[in-house]
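Structure, as structure tokens:
Throughout, protein chains are lettered first and strands after them, A, B, ... in sequence-line order, and every chain is numbered starting at 1.
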Amino acid sequence: MEYNFKDIEQKWQRYWKEHGSYKTGIRPDRPKYYVLDMFPYPSGAGLHVGHPLGYIASDIYSRYKRLKGFNVLHPMGYDAYGLPAEQYAIQTGQHPAITTEQNIRRYREQLDKIGFSFDWSREVRTSDPAYYKWTQWAFIQMFNSYYCHDRQQARPIAELVQRFEAQGSAGLNVACTEERSFSAAQWKAMTERERQETLMNYRIAYLADTMVNWCPQLGTVLANDEVVNGVSERGGYPVEQRKMRQWCLRVSAYAQRLLDGLETIDWTDSLKETQRNWIGRSEGAEMRFKIKGSDVEMNIFTTRADTLFGVTFMVLAPESDYVNALTTPEQRPAVQAYLEATKKRTERERQADKKVSGVFTGSYAINPLSGQEIPVWVSDYVLAGYGTGAIMAVPAHDSRDYAFARHFNLPIIPLIEGCDVSEESFDAKEGIMMNSGFLNGLTVPEAIRRAKEYVREQGIGHVKVNYRLRDAIFSRQRYWGEPFPVYYKDGMPYMLPEACLPVELPEVTKFQPTATGEPPLGHATRWAWNEKEQKIVDTSEIDHVNVFPLELNTMPGFAGSSAYYIRYMDPHNDRALVSREADEYWRNVDLYIGGTEHATGHLIYSRFWNKFLFDLGLVCEEEPFKKLINQGMIQGRSNFVYRINGTNTFVSLGLKDQYDTTPLHVDVNMVSNDVLDLDKFKAWRPEFANAEFLLEDGKYVCGWAVEKMSKSMFNVVNPDDIVERYGADTLRLYEMFLGPLEQSKPWDTNGIDGVHRFLKRLWGLFYDREGNLLVSDEPATAEELKSLHKTIKKVEYDIEHFSFNTSVSAFMICVNELSGLKCSKRAVLEPLIITLAPFAPHMAEELYHALGNETSVLDAAFPAYDEKYLVEATKKYPISFNGKVRFSLDFPAGWSKEEVEQAALTHEQTQKYLDGKAVKKVIVVPGKIVNIVL
RNA sequence: GCGUCUGUGGCGUAAUUGGUAGCCGCGCCAGACUUAGGAUCUGGUGCCGCGAGGCGUGGGGGUUCGAGUCCCCCCAGGCGCACCA
């Protein structure tokens, strides 16, 4: 009987669905295990063959853990809000809700065909009001919290209010946008609006005028991780810096904890390193420089306090508040002109163009150590957003300062003995100090320490840790996102009552973004808040007494994805994000599989979000994802045909160098093992209908290249097509067989037949051609048991180490061996297919039932391998196929190599195994292992 | 520039974790069964050499009885950060 994968897969998919086989609940009697995939954006293109890679791996692991007796949570959902879904909707001219719904349906169809063990009863969609109610709710909690550095946690804002009433800002050690100082009396004297403004400085979700990445083409601001090389990650549009009033999340308050937390989780070193870089901790000193003839003092941040004696000028960022204060009347026109010129340039231009530019402010700062007067300049090489937006320049030991000094002919004072600064600066933190007063003679690290102490003792400044990580900009001028639960009264934002959540996204007539930055929600007619009646009403009712405008921005894409893993634990709870019971049972994600592209976005925001909820006592684990694996990307493998220029003749790869040709992409679905299907090609496009071919060995061989998988390269392979042709089990096995999970690799169908053949051979052990079941109850031989237990051991080890490619190989070896032995015995096959069930669930289920089992293979127990069979079998069959024998031999330490060899040769073990064969070579190892090559 | 990972047959990869390379699969070669085969089965297949044998894990050095694996230097590629003071 043929292996009919189509019938088998449909049959069992239906069975699992009807039996609710994948429904999970809290089971206190079993240990839990939470396996999570990064949920997909349902884009219009559907899934290609690369998407399921991680899903297959996590599915195998989930099924394995279940066989091992764990209660496994393995949910799936959709990240349906945010730019991608909306851009697609705009391109196709349809309402995002409709296209999103369609896309989700298509994704679901594709996912279902692959036979995943997702518990779909727990599905979440970020665009579902019942879901985003909790996104809005979390935002309200953040608005009502501040971050206390002393306690290292978020605290209710009400505590801060109490404190202000009692002692003002004295002794405050909390995260804030800017340092402020006021007394209790001053606080009490403030108006409501002033108090709100003051509190805004401390809230974890706050509204502020900040420099943002504004993208005119997308009509929205973007977070730092959404901007790559100065252009938008989506679409690649230019991004400019603008000052706008935006909602922000005070992620920076958590910088140190985000850094420390990395030590406690099992992620790859490279991913942790990426996050460390992104957080960018640097220890240094913040120092005050007095300005000659002015009361203004400028604060700067430096990691090289030791180089204070080499400061020959100061530089301000163009956006710095100091610029205005320090520009002298004579210099004002020049400075103005410079600021305008800088303003016009986009971020990309500023980055790409490394030409030195700048302007003198006219002011002089006073070096607190040497008392020297040093000029203050403005230049765009200094960033407004880092440190204080002002630096002390040490051209001898900083390459950027050096370039600036050279360009404007400013003095350069070397501070390290023997360094040569005639051509370039000496940036290394090594050597002995000179020209540096009390620091002379010290090594650089010593000098850094001494200088910091000195700065503190003299009250010139203080030691400070700076982070590169900035607060996340949380508003988007877009339609397709979560609305804020916010209304504006007297120009200040207020939260809607939690009881009124969710605030549903209103209908609008025009949802396209605008280039000027007015959010599409401005078109909404029913978008005002009646404070008295506690409900959303028509905008026409806005009267400044009871009815107020609602926030027009929406939340960014990462809002909905930041806590979805928590929601899966308790997805239908309408009274809490998650019940205490569910949270305490499921705790956090044990295994998270997803792409590395979220390293500085989602994976930072989620950790922040989770830590915030942890601080509030709402979740019991501080880190959301215990172990994380990044599956590699599947690239496309494009195929080419070679057209002889000026003709309609195509020449095969091996002959193309004899002609003058142009390569053309061909659809990879018309090519098999790099051989072109000529009929399909002729039918592909009208202009190829009369194409002629120059073949080699009767075949047209195509060229190939690895490229991104995309429609324009004609190299997109759909999982559905593979399932149609080979079945889901083959697809699953093949995707794993392709190579190590974490490695990026091109999709290459060339080897898929081998995997499919393996399944057919396994089938062949159960059924003969006529469809008779061959399986017998005969006892298994030692050799057969060896094969089985070897495989179980190997596969178990491999799954635990996420080495799925080698476990597939192990299965193939086993089936080859059993085929060779013509072994169709239940005692061997039943454990084998249970072991295989995580990989090829449909086949396993079918064969498990064929053996007469009534229950699902899902509820079987993963077989335990027995070392006994391996040992016994080894004794009986000690010589492996490559002719080596290994055993232990005790011998005195002082023996020479020759003596040991002699002993090994005459040893009874050797004699037993030799069996008349000649010994080629004896290899002796001090570890008492002897290898004998026959 | 800084950080990080990787480099093995024609190709994807494997190697009991320092044990004497190339498992498994693709491809290729030969054979069997077939009207036929893009089906199935069997055998072979790192390179050089007729052969004995020699050479082989990017290159060079080192540690070791023994190195694909550990250490140092270089080369190549991938990823991350990049005027972050």
Next on the checklist: Taking side chain to side chain donor-acceptor pair (under 3.5 Å) as the definition, give me every residue that meets it alongside Lys464(A), ordered by chain and number, with sequence neighbours left out.
Outcome noted: Glu286(A)

Checklist entry - Listed in order of residue number, which residues of residues 752-761 of chain A have a non-hydrogen atom at under 4.0 Å from RNA chain B? => result Gly754(A), Arg757(A), Lys760(A), Arg761(A)

Item to check | Sugar-phosphate only, base, or nothing, as touched by Pro746(A) at under 4.0 Å among non-hydrogen atoms | outcome: nothing

Item to check | Set of residues satisfying salt bridge (Lys or Arg N to Asp or Glu O under 4.0 Å) with respect to Glu263(A), sequence neighbours excluded | outcome: Arg276(A)

Item to check | Nearest-angstrom distance, C1' atom, A14(B) to C33(B) | outcome: 33 Å

Next on the checklist: Over all strands shown, is Asn466(A) touching base, sugar-phosphate only, or nothing at heavy-atom distances under 4.0 angstrom?
Outcome noted: nothing

Checklist entry - How would you list, by chain and number, every residue that makes a ring-ring contact (aromatic ring centres under 6.0 Å, His included) with Phe839(A), sequence neighbours excluded? => result Phe811(A)

Checklist entry - C26(B) and C79(B): how far apart are their C1' atoms, nearest whole angstrom? => result 28 Å

Could you pull out the protein-nucleic contacts involving nucleotides 8-10 of chain B (nitrogen or oxygen on both sides, under 3.5 Å)?
none

Checklist outcome for this item: Base orientation of U64(B), chi within 90° of 0 counted as syn, else anti, reads anti

Next on the checklist: Regarding Tyr797(A), tell me which of base, sugar-phosphate or nothing describes its non-hydrogen contacts under 4.0 Å with the strands shown.
Outcome noted: base

Checklist entry - Is the base of G66(B) syn or anti, where syn means the angle lies within 90° of 0? => result anti

Checklist entry - Just by distance, with hydrogens left out, do Asp398(A) and Ser425(A) show a side-chain donor and acceptor under 3.5 Å apart? => result no

Checklist entry - Relative to the 5' end of RNA chain B, which residue comes earlier, Asp748(A) or Ile813(A), by the nucleotide with the nearest heavy atom? => result Asp748(A)

Checklist entry - Closest nucleotide of RNA chain B for Asn277(A) versus for Arg470(A): which of these residues is on the 5' side? => result Asn277(A)

Checklist entry - For the residue pair Phe804(A) and Phe802(A), does the interplanar ring angle fall in the parallel (under 30°), tilted (30 to 60°) or perpendicular (over 60°) class? => result perpendicular

Checklist entry - Is the closest side-chain heavy-atom distance between Ser357(A) and Tyr338(A) below 4.5 Å? => result yes

Checklist entry - For Trp747(A), which residues count as a side chain to side chain donor-acceptor pair (under 3.5 Å) partner, sequence neighbours excluded? => result Thr749(A)

Item to check | Set of residues satisfying side-chain contact (heavy atoms from CB on, under 4.5 Å) with respect to Asp798(A), sequence neighbours excluded | outcome: Lys794(A), Ser803(A), Thr806(A), Ser807(A)

Next on the checklist: Please classify the nucleic acid contact of Asn805(A) as base, sugar-phosphate, or nothing, using heavy-atom distances under 4.0 Å.
Outcome noted: sugar-phosphate

Item to check | Qualifying residues under salt bridge (Lys or Arg N to Asp or Glu O under 4.0 Å), relative to Arg288(A), sequence neighbours excluded | outcome: Glu297(A)

Next on the checklist: Could you check whether Lys760(A) pairs with Glu2(A) (Lys NZ or Arg NE/NH1/NH2 to Asp/Glu carboxylate O, under 4.0 Å)?
Outcome noted: no

Next on the checklist: The side chain of Tyr386(A) is closest to which nucleotide in this list: U4(B), C24(B), A85(B)?
Outcome noted: A85(B)

Next on the checklist: When you measure from the side-chain N and O atoms of Arg769(A) to the phosphate of U40(B), is any distance below 4.0 Å, counting only OP1 and OP2?
Outcome noted: no

Item to check | side-chain hydrogen bond (donor to acceptor under 3.5 Å, both in side chains) contacts in which one or both residues fall within residues 734-746 of chain A, not counting sequence neighbours | outcome: none

Next on the checklist: When you measure from the centre of the six-membered ring of Trp278(A), is the NZ or CZ of Arg607(A) closer than 6.0 Å and no more than 45° off the axis?
Outcome noted: no

Item to check | Partner residues of Tyr865(A) under the side chain to side chain donor-acceptor pair (under 3.5 Å) criterion, sequence neighbours left out | outcome: none

Checklist entry - List RNA chain B stems (3 or more consecutive Watson-Crick/G-U pairs, under 3.5 Å)? => result B:1-7 with B:75-81, B:10-12 with B:24-26, B:27-32 with B:40-45, B:46-48 with B:53-55, B:58-62 with B:70-74

Item to check | Short side-chain donor-acceptor distance under 3.5 Å, Asn816(A) and Arg761(A) | outcome: yes

Under 3.5 Å, which protein N or O atoms sit close to an N or O of nucleotides 34-38 of chain B? Give each pair with its distance.
residue, atom, partner, partner atom, Å
G38(B), N2, Arg725(A), NH2, 3.4

Item to check | Same-atom distance (C1') from A67(B) to U20(B), integer angstrom | outcome: 10 Å

Next on the checklist: Under 4.0 Å, counting only non-hydrogen atoms across every strand here, what does Leu738(A) touch: a base, just sugar-phosphate, or nothing?
Outcome noted: sugar-phosphate

